[in-house]
Amino acid sequence: MAARVVSPGFHRRVYTVVRTVPEGYVTTYGDVAAAMGSPRVARHVGWALAAMKDEEAPWHRVINAQGRISHRGDTGRATLQRALLEAEGIEFKGDRVDLKRFRWWFGGDRGPNPGS
DNA sequence: GGTTTGACCATAA
DNA sequence: CTTATGGCCAAAC
């Protein structure tokens with residue numbers, strides 16, 4: 001079903017993309033934005049997830065390009081996110097995630113981390 | 001309909 | 001390694 005390709009807002013699109021991320025993998029805000037066709041909207045991805053209340057999506061699988069958890073002051077969110085990722089098999093190096101291994105690539109016809 | 005803000009990213013120092 | 005700055009675009013006020 002068309003799955004509502006067109007949504008009343010930009011957020012809906014973000015949730016749709018984030019839902020495509022399988023368990024055990026993570027992605028970055030920039031990649032989600034790029035998957036939509038505009039890598040400049042990376043900020044809105046995080047903003048959309050912050051506004052996510054009625055919708056459901058694995059927001060914890062979305063991190064910044066530095067492989068770190070963004071919390072903008074709210075450390076509580078970072079703690080929860082880290083716990084959720086570790087529960088899915090994501091390994092943390094200090095406060096960072098190994099994007100080289102867990103970064104999911106949208107449209108992964110050949111799986112994550114295409115080429116190398 | 002203009003201003004402010006924001007869970008970012010890339011580059012520079 | 002970290003911190004600072006510019007830019008980009010959509011939603012909220």
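Residue numbers begin at 1 in each chain, while the letters A, B, ... track the order of the sequences.
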Participant: Rounded to the Å, how far apart are A:Asp95 CG and C:dC1 P?
Facilitator: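 Result: 13 Å.
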Participant: Between A:His71 and A:Ala78, what is the shortest heavy-atom contact and its length?
Facilitator: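 Residues A:His71 and A:Ala78, closest heavy atoms: CD2-CB, 3.8 Å.
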Participant: Can you find a pair of side-chain heavy atoms, one from A:Asp31 and one from A:Trp105, that are under 4.5 Å apart?
Facilitator: yes
Participant: Partners of A:Glu91 by side-chain hydrogen bond (donor to acceptor under 3.5 Å, both in side chains), sequence neighbours excluded?
Facilitator: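 Per chain and number, A:Glu91 pairs via side-chain hydrogen bond (donor to acceptor under 3.5 Å, both in side chains) with no residue.
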Participant: Decide yes or no for A:Arg61 and A:Phe102: does some side-chain heavy atom of the first lie under 4.5 Å from some side-chain heavy atom of the second?
Facilitator: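 They are not in side-chain contact.
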Participant: Starting at the 5' end of nucleotides 6-13 of chain B, put B wherever the base has a protein heavy atom under 4.0 Å, S where only the sugar-phosphate does, and a dash everywhere else.
Facilitator: BBBSS---
Participant: With nearest nucleotides of DNA chain C determined for A:Arg68 and A:Ser38 from heavy-atom distances, which residue corresponds to the more 5′ nucleotide?
Facilitator: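 Its nucleotide being nearer the 5' end, the pick is A:Arg68.
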Participant: So do A:Trp59 and A:Val21 actually touch side chain to side chain, heavy atoms under 4.5 Å?
Facilitator: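 A:Val21 vs A:Trp59: side chains apart.
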Participant: How is A:Arg96 classified with respect to the nucleic acid when contacts are heavy atoms under 4.0 Å: base, sugar-phosphate, or nothing?
Facilitator: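 Touches sugar-phosphate only.
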